[in-house]
Every structure is written in C-alpha cells, then in structure tokens.
Amino acid sequence: MSNETAISSCKLALACADFLWSQDALLRSLGLERLSIKPGHARVAMTVLPAMVNGIGITHGGAIFTLAEATFSLASNSYNERTVAAHCCISYLHPTRLGDRLVATATQIVRSARSGIYDVSVTLENTVIAEFRAHSRVVGGALLGQSRTAAESVNQ
C-alpha cells in the first residue's frame with residue numbers, strides 16, 4: 001500500500017468515525033473519548049461515572065460491554081460500508097470502580113466480503129479487565145450519506 005493510499009484510508013476511517021459519533025447520542029452521553037481511528041482499528045477511552053457503578057461498587061458489565069461494542073463499531077465501520085454486529089461475547093477478567101479510566105482497543109482479525117471478526121481488549125492502566133470478540137456483517141450501502149460522497153468527507 002502506498003503512503004498516499006494509507007493516508008486516504010486513514011482519512012476515510014476518521015470521516016466514518018466522525019459520522020457515527022455525530023449520529024449516536026448514547027456514545028456522546030457516556031463521555032467516551034476517541035483516542036485513535038485507523039482502518040480496522042480503534043481506541044476509545046471511558047471514565048467510569050457514578051451511573052455506571054452497580055450496587056456492590058463495581059462497574060456494570062453493561063457499561064464495559066458498551067465501551068467495547070462502540071470501539072468495535074468504529075473499527076468495523078472504518079471502510080465506509082454499513083456494518084453491524086452479528087454476534088458478540090465478552091469475558092470480564094477484573095472488576096473496575098468509579099473514576100477508573102478504561103481504554104478499549106479494537107483490532108480487526110479478519111475481514112472478507114461481508115463478514116469480519118474483531119477482538120477488543122479493555123484495559124485499566126496495564127491490566128486487561130475484559131476481552132470482547134465480535135463478528136461483523138456488512139448490511140449494504142455506504143456509511144457516509146448519499147448527499148456527501150466519501151471523497152468529499154475525506155477532503156474536509
């Protein structure tokens with residue numbers, strides 16, 4: 001892949017992430033922070049808020065799942081193809097608590113015509129606290145709207 005192609009694909013991935021972010025009120029309401037976006041990869045951080053802690057003082061599994069799923073979504077939609085989760089599973093390895101800053105890193109394992117597999121590691125500092133695996137499915141059509149071509153989005 002040439003340098004120009006790599007830069008263009010990175011700009012496209014970022015334009016796709018910008019679009020998804022603008023359309024998803026849940027992601028914005030959780031205070032998620034995008035750290036990096038590249039084709040097939042994404043890193044997102046989340047600080048555990050009071051509403052994310054359960055009755056025994058640890059982070060709700062659903063909050064961690066949402067962080068991992070959002071990160072997977074950014075990675076799997078980075079090619080300007082509308083892509084959804086077909087199957088996801090998560091293993092919780094260590095508890096986290098109020099105020100902890102979690103970082104999720106999604107990595108594309110394989111991507112074929114309409115399917116893909118992505119792994120997401122969620123960490124607290126240098127400790128992996130959850131592992132998430134997602135299977136993606138392309139559902140058709142460009143992610144970036146008809147009124148704005150992919151090239152226009154990339155050039156902005």
Side-chain angles (χ1 to χ4, degrees), residues 1-46 52 59-94 96 101-156:
M1 181 184 324
S2 73
N3 233 6
E4 186 175 311
T5 303
I7 291 168
S8 295
S9 62
C10 287
K11 285 184 177 181
L12 178 61
L14 188 55
C16 291
D18 288 344
F19 173 78
L20 288 172
W21 211 266
S22 72
Q23 300 300 306
D24 196 325
L26 177 63
L27 299 184
R28 292 189 314 274
S29 74
L30 295 174
L32 302 184
E33 175 190 355
R34 291 181 294 173
L35 302 176
S36 69
I37 306 293
K38 297 185 293 185
H41 300 275
R43 286 185 74 230
V44 176
M46 176 183 82
M52 299 173 183
T59 310
H60 275 284
I64 297 168
F65 187 97
T66 300
L67 169 62
E69 197 275 337
T71 307
F72 151 71
S73 176
L74 293 173
S76 66
N77 278 284
S78 62
Y79 300 99
N80 196 33
E81 295 179 304
R82 290 183 332 126
T83 305
V84 298
H87 173 77
C88 304
C89 63
I90 193 167
S91 296
Y92 301 101
L93 307 173
H94 297 283
T96 61
R101 185 170 189 266
L102 309 180
V103 176
T105 303
T107 304
Q108 177 181 297
I109 302 303
V110 67
R111 179 175 173 259
S112 61
R114 292 186 60 205
S115 300
I117 297 176
Y118 294 77
D119 283 343
V120 181
S121 288
V122 181
T123 60
L124 171 62
E125 297 172 0
N126 294 321
T127 302
V128 176
I129 61 100
E131 287 289 348
F132 177 95
R133 176 159 272 197
H135 297 237
S136 66
R137 186 72 173 169
V138 174
V139 294
L143 181 65
L144 300 177
Q146 302 274 339
S147 61
R148 198 167 129 187
T149 67
E152 290 169 335
S153 297
V154 167
N155 291 328
Q156 286 190 338

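Put simply, CZ on Phe72 and CG on Asn77 are 7.5 Å apart, with the number rounded to the nearest 0.5 Å. We find the SG-OH distance between Cys88 and Tyr118 to be 12.0 Å, quoted to the nearest 0.5 Å. In this structure, Gln108 CD and Ser76 OG are separated by 9.0 Å, a value rounded to the nearest 0.5 Å. Distance check: Leu27 CG to Leu20 CG gives 8.0 Å after rounding to the nearest 0.5 Å. Once rounded to the nearest 0.5 Å, the distance linking OG1 of Thr123 with CD of Glu131 reads 9.5 Å. Annotation: the span from Leu102 atom CG to Met46 atom CE amounts to 5.0 Å, rounded to 0.5 Å.
In this view, Arg82 satisfies the salt bridge (charged side-chain N to carboxylate O under 4.0 Å, His left out) rule with no residue, not counting sequence neighbours. Under the salt bridge (charged side-chain N to carboxylate O under 4.0 Å, His left out) criterion, Asp24 pairs with no residue at all, not counting sequence neighbours.
Residues Thr83 and Val138 form a side-chain contact, since some pair of their non-hydrogen atoms from C-beta on lies under 4.5 Å apart. Side-chain atoms of Ser115 and Ser136, non-hydrogen and from C-beta on, never get closer than 4.5 Å to each other. Inter-residue side-chain proximity for Glu69 and Ile90 is flagged as unmet; no heavy-atom pair is nearer than 4.5 Å. Using a 4.5 Å heavy-atom threshold, the side chains of Leu144 and Cys16 count as touching.
Considering all non-hydrogen atoms of both residues, Ala45 and Arg101 come closest at CB-NH2, 3.4 Å. Taking every heavy atom of both residues into account, Val122 and Ala68 meet most closely at CG2-CB, 4.1 Å. Scanning both residues, Leu14 and Ile37, for their nearest heavy atoms gives N-CG2, 4.1 Å. Counting all heavy atoms, side chain and backbone alike, Ser78 lies closest to Gly40 at OG-N, 2.8 Å.
Here the side chain of Thr71 pairs no donor or acceptor atom with the backbone of Ala106 at under 3.5 angstrom. Using modelled atom types, one side-chain atom of Thr66 and one backbone atom of Gly62 make a donor-acceptor pair closer than 3.5 Å. In this structure, Ser121 contributes its side chain and Thr105 its backbone to no donor-acceptor pair below 3.5 Å.
Legend: salt bridge (charged side-chain N to carboxylate O under 4.0 Å, His left out) pairs involving residues 106-125, not counting sequence neighbours, sorted by first then second residue: Glu81-Arg111, Asp119-Arg133.
Using bins of under 30°, 30° to 60° and over 60° for the plane-to-plane angle, the ring pair Phe132/Phe65 lands in the perpendicular bin.
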### Candidate pair Arg34 and Leu74, rule side-chain contact (heavy atoms from CB on, under 4.5 Å), full reasoning
CA-CA 9 Å; Arg34 291 181 294 173; Leu74 293 173; 4.1 Å; yes

